[in-house]
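Letters go in sequence order (proteins before strands), and every chain restarts at 1. Here the structure is a predicted model, which is why all the values come from computation and not from measurement. Both backbone and side-chain heavy atoms feed into the values below; hydrogens, waters and symmetry mates do not.
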There are 2 protein chains.
Amino acid sequence: MTLLETTNPSAADGRGEPWISFDTDPDHYRHWKLSIDGPVATLAMDTDEDGGLHPGYALKLNSYDLGVDIELHDAVQRLRFEHPEVRAVVLTSAKDGVFCAGANIKMLAQASHPLKVNFCKLTNETRLAIEEASASSGQVYLAAVNGAASGGGYEIALATEHILLVDDGASAVSLPEVPLLGVLPGTGGLTRLTDKRKVRPDRADFVSTVAEGVRGQRALGWGLVDELAPKSKLAEAARARAEELAARSDRPADATGVALPPLERELAADRIAYPNLTVELDRSLGVARFTVRGPSEGGPDDPEAVAALGAAWWPLALARELDDAILLLRFNQPEIGTWVLRSQGDLEAVAAVDRVLLAHAGHWLIREVTLYLKRTLKRLELSARSLITLVEPGSCFAGTLLELVLAADRSIMLEGEAEETDAPPATLLVDGMNLGPLPGSNGLTRLQRRFVGHPEALEAVVARLDEPLEAAEAEALGLVTFIYDEIDFEDEVRLAVEERASLSPDALTGMEANLRFGGPETMETRIFGRLSAWQNWIFQRHNADGEDGALRRFGTGQRPRFDRKRV
Amino acid sequence: MTLLETTNPSAADGRGEPWISFDTDPDHYRHWKLSIDGPVATLAMDTDEDGGLHPGYALKLNSYDLGVDIELHDAVQRLRFEHPEVRAVVLTSAKDGVFCAGANIKMLAQASHPLKVNFCKLTNETRLAIEEASASSGQVYLAAVNGAASGGGYEIALATEHILLVDDGASAVSLPEVPLLGVLPGTGGLTRLTDKRKVRPDRADFVSTVAEGVRGQRALGWGLVDELAPKSKLAEAARARAEELAARSDRPADATGVALPPLERELAADRIAYPNLTVELDRSLGVARFTVRGPSEGGPDDPEAVAALGAAWWPLALARELDDAILLLRFNQPEIGTWVLRSQGDLEAVAAVDRVLLAHAGHWLIREVTLYLKRTLKRLELSARSLITLVEPGSCFAGTLLELVLAADRSIMLEGEAEETDAPPATLLVDGMNLGPLPGSNGLTRLQRRFVGHPEALEAVVARLDEPLEAAEAEALGLVTFIYDEIDFEDEVRLAVEERASLSPDALTGMEANLRFGGPETMETRIFGRLSAWQNWIFQRHNADGEDGALRRFGTGQRPRFDRKRV
């Protein structure tokens with residue numbers, strides 16, 4: 001958690017504020033104490049009151065801000081890669097009588113709308129990463145709630161698989177956002193009560209409207225926690241439960257972890273460069289141009305060789321770089337509303353890496369790399385930015401990288417050769433990585449989502465597995481939106497990017513949120529839950545409803561003026 | 001569609017505007033022409049430019065406002081009950097060269113936020129009612145799109161089962177909301193493209209960002225329409241297709257329809273009274289107190305006797321009255337944020353009506369009554385109001401009426417006798433109407449939704465089918481939230497109602513929208529789609545973020561001030 005020295009000439013407030021960064025490691029944590037004892041790690045929250053990311057508030061009672069959550073995000077990530085021996089993680093508090101008071105309210109009150117939304121999004125992603133570690137990494141999280149757990153504090157506990165609550169007659173779990181703050185629990189509390197813990201909706205209603213929360217036997221009886229323990233026995237009970245859960249894990253006891261060193265990153269006002277990824281910002285158009293570089297040939301082909309390479313192995317290195325770039329742009333460049341994705345490299349070399357990922361999917365490290373790629377691709381789609389992927393000669397969109405094509409709102413492929421390069425015509429390649437290991441937020445693969453209701457189209461794609469596909473074939477199979485030859489390609493791409501730049505960012509965010517996450521929902525819940533919600537928000541936004549918003553300006557001959565921040 | 005003479009002393013704008021009402025019938029339509037020819041009805045839009053519900057805009061090019069949609073809502077309803085012989089309905093336009101231009105933009109631009117949201121909600125409900133008629137009533141809708149269908153115009157067509165588009169080289173279907181207005185298609189357009197018509201998401205993205213829309217072969221090839229016809233052949237093709245679809249219907253050719261006469265309704269400033277329902281408004285608390293009266297004994301017990309009674313049959317009469325009251329309150333009383341539901345009557349008499357509904361479920365009229373009850377209960381839950389149901393001695397919450405208990409955010413039952421009444425202790429009764437015929441928006445019955453993840457709890461309830469259950473049993477089975485004896489009941493009810501009145505209406509709306517619609521969705525889509533959306537909206541609302549909003553006032557010792565409109 002730091003604010004980078006590099007200034008940001010177009011920061012939201014125009015004051016050239018330093019960028020929010022996500023660089024940290026346990027030696028630099030100010031708010032968490034990480035300790036490891038055999039198969040059980042303990043992550044104890046102990047916020048430094050004076051350690052807020054911004055001035056103006058004190059992090060009392062283990063209340064948290066973005067900086068606290070960035071450290072948690074880092075710890076969850078490192079435990080997976082650096083500590084294969086850790087099979088259970090106890091989340092607790094190092095402060096007496098309080099577990100966690102949730103997000104700091106003064107911080108929320110002074111935060112801009114974009115910061116609030118981005119903060120909630122990251123905290124949600126981190127809670128989901130905790131659940132994914134429990135479900136898929138053999139690293140199960142528990143919460144030892146040793147004092148009051150309010151709001152976001154209870155929501156952290158809800159992200160674990162087993163909640164122990166101290167039974168001291170006072171300590172309660174609570175969601176006081178509605179009764180005290182007039183907002184919703186922002187990190188999935190309502191949803192986890194009903195969907196994960198199967199708390200009856202009318203009881204969830206009660207829990208969510210009573211500021212003081214619920215403690216003791218009622219909390220246990222209603223399913224708000226899993227176990228009660230007296231204060232003197234809580235740590236012991238948590239350890240016992242952690243060892244039980246650890247015993248079921250398949251993580252190796254004797255493997256060496258992979259260290260995650262600081263990223264090699266050059267950060268300039270309009271450019272972020274890493275070994276495998278460059279992002280160039282075009283501020284006039286509000287576009288970030290991502291270029292992903294594929295792997296070189298002859299990489300490691302067994303898990304031992306991969307472990308020896310460690311963080312330098314291409315898919316892990318790329319996941320870290322892409323993840324970092326996404327977060328930096330989300331938080332620091334809200335006015336860059338369109339992300340254009342390209343790749344450069346050897347299609348076959350990407351496919352070779354995918355074969356390693358697939359052949360050794362059960363190996364703890366290979367599994368972690370795949371899960372990280374999965375999380376990163378989901379983060380891309382949840383970033384409230386328009387995604388346009390361009391497939392050109394010299395690109396390498398195979399398997400894992402093909403997901404960048406399938407994740408895009410619109411993809412455009414150049415058909416045939418291009419004069420300015422010696423490369424042969426662009427091809428795409430579908431492989432096993434597209435058929436299961438990298439599902440999106442709705443649990444479907446991006447191919448499944450693309451062909452919902454058209455199983456025959458999906459079968460036709462699967463029939464061409466592992467074959468390079470030229471533009472006409474890719475279009476016929478439904479893998480890209482449009483194809484153009486060299487004569488039209490640049491113009492069509494320019495038009496698509498300019499069109500996106502001209503539209504209301506609020507409407508685009510809402511539209512994309514509706515179109516990207518089809519699949520397992522009912523139409524009515526989508527219409528009344530999701531769509532109406534976004535619409536309500538948009539209707540109130542200045543971009544639609546303001547004096548110079550699009551709705552008021554329609555038909556006047558004047559163009560609307562937009563606040564271009566995307567959130 | 002009318003504005004009632006009765007003035008509303010607390011109308012949103014304080015000007016004592018007349019109430020918006022939903023009273024109309026074909027003789028009074030200004031915007032639609034309904035004609036019936038054997039099994040095929042034609043509903044042709046022909047908006048009266050000067051017939052807007054409010055001054056300030058002209059309904060050109062078949063653009064619509066709430067008044068136009070109220071007529072459509074009425075026509076869809078009457079076709080089901082009054083015309084058993086109609087098996088297919090062709091939606092088209094009586095204007096040359098234009099099908100429908102969608103919601104009137106000037107109307108939208110001048111509408112208040114609550115009116116916009118309520119307008120969209122009703123239009124969505126009406127489109128869903130059209131789809132329900134096609135799916136469940138044997139009355140299938142088609143669209144003969146004889147000119148441009150833009151925005152809401154295309155969305156009306158999308159609500160039908162078969163879209164014929166005129167192939168004249170000019171007429172397009174389009175969703176120009178994002179590119180022209182900076183808002184989303186408000187009536188399910190995005191969702192129906194992907195979920196219903198299975199349009200590929202990247203193509204849906206293109207359709208939703210290109211103002212001029214898509215016509216001819218591309219519209220057909222992408223699945224945006226089902227059939228093309230030259231202008232001279234469109235009516236003929238629509239008729240042929242309608243007759244094909246009509247041939248598959250099970251509606252009787254020779255039955256007599258049930259007329260829906262004007263409701264018997266007394267409307268005063270703080271009271272709405274119908275034969276089977278009274279609603280009293282308590283403006284100081286922001287509460288509407290609904291009292292539903294159960295049926296008398298000895299009602300009809302076969303479909304012929306039911307048909308003879310017609311609109312006076314208790315379940316149909318109640319559905320109409322409840323539906324009307326819900327709509328009147330939604331549109332005219334936005335500051336009444338809590339609806340308290342009671343019933344009075346004979347438990348066994350309600351159960352007897354349910355037995356008729358269940359025994360003759362396949363009869364066209366009985367089926368329509370059940371479907372109407374289903375729609376009305378869904379409308380209740382979608383009204384953005386807190387629902388508290390009270391179960392007291394003298395109440396009759398059996399089967400169909402028990403759904404009012406199960407639909408509530410919170411239910412409170414009085415245990416034992418109450419001094420002020422001679423009635424025996426309150427009982428509830430679960431019957432077959434609770435096990436399938438009345439599902440909510442997520443497709444689950446309210447019992448299923450209540451016990452998601454607890455099949456054993458559902459089984460325990462089913463084991464007690466058709467037995468009156470006293471308070472202790474009802475609580476043990478999980479059918480009510482809390483039970484209190486006479487000594488505590490009034491106080492606890494008062495506290496619950498006062499608590500609700502003290503909370504942020506925005507936060508309550510968002511919270512309830514999250515808790516009411518659990519079930520078939522993934523947690524992540526709910527968190528990122530629904531929850532985040534509501535949260536974005538709420539974060540921007542004055543109630544949370546304003547100078548005197550709850551977030552800013554937290555910890556200052558000052559109470560927040562809320563704008564109490566619910567939307």
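Between B/Trp222 and A/Phe482, the two ring planes are tilted [angle within 30° to 60°].
Considering all non-hydrogen atoms of both residues, A/Lys198 and B/His454 come closest at O-NE2, 2.8 Å. In plain terms, the two heavy atoms of A/Arg450 and B/Asp202 that are nearest each other are NH2-OD2, 2.8 Å.
Ranked by heavy-atom pairs under 4.5 Å with chain A, the list B/Thr209, B/Val210, B/Leu406 is led by B/Thr209. Of the listed residues (B/Arg410, B/Glu499, B/Arg203), the one with the most heavy-atom contacts under 4.5 Å to chain A is B/Arg410.
Under the rule for a salt bridge (charged side-chain N to carboxylate O under 4.0 Å, His left out), the partners of B/Arg375 that lie at least two apart in sequence or sit in another chain are B/Glu132.
Ion pairing of A/Arg516 with B/Asp205 is absent here, as no side-chain N (NZ or NE/NH1/NH2) approaches a carboxylate O to less than 4.0 Å.
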Practice task
Could you please spell out the steps behind the side-chain hydrogen bond (donor to acceptor under 3.5 Å, both in side chains) verdict for A/Thr481 and B/Arg200?
Solution key: CA-CA 9 Å; A/Thr481 316; B/Arg200 233 169 58 201; 5.0 Å; no

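For the pair A/Thr194 and B/Leu515, the minimum side-chain heavy-atom distance is below 4.5 Å.
Around atom NZ of B/Lys106, no more than 12 heavy atoms belonging to other residues, nucleotides or ligands sit under 6.0 Å away.
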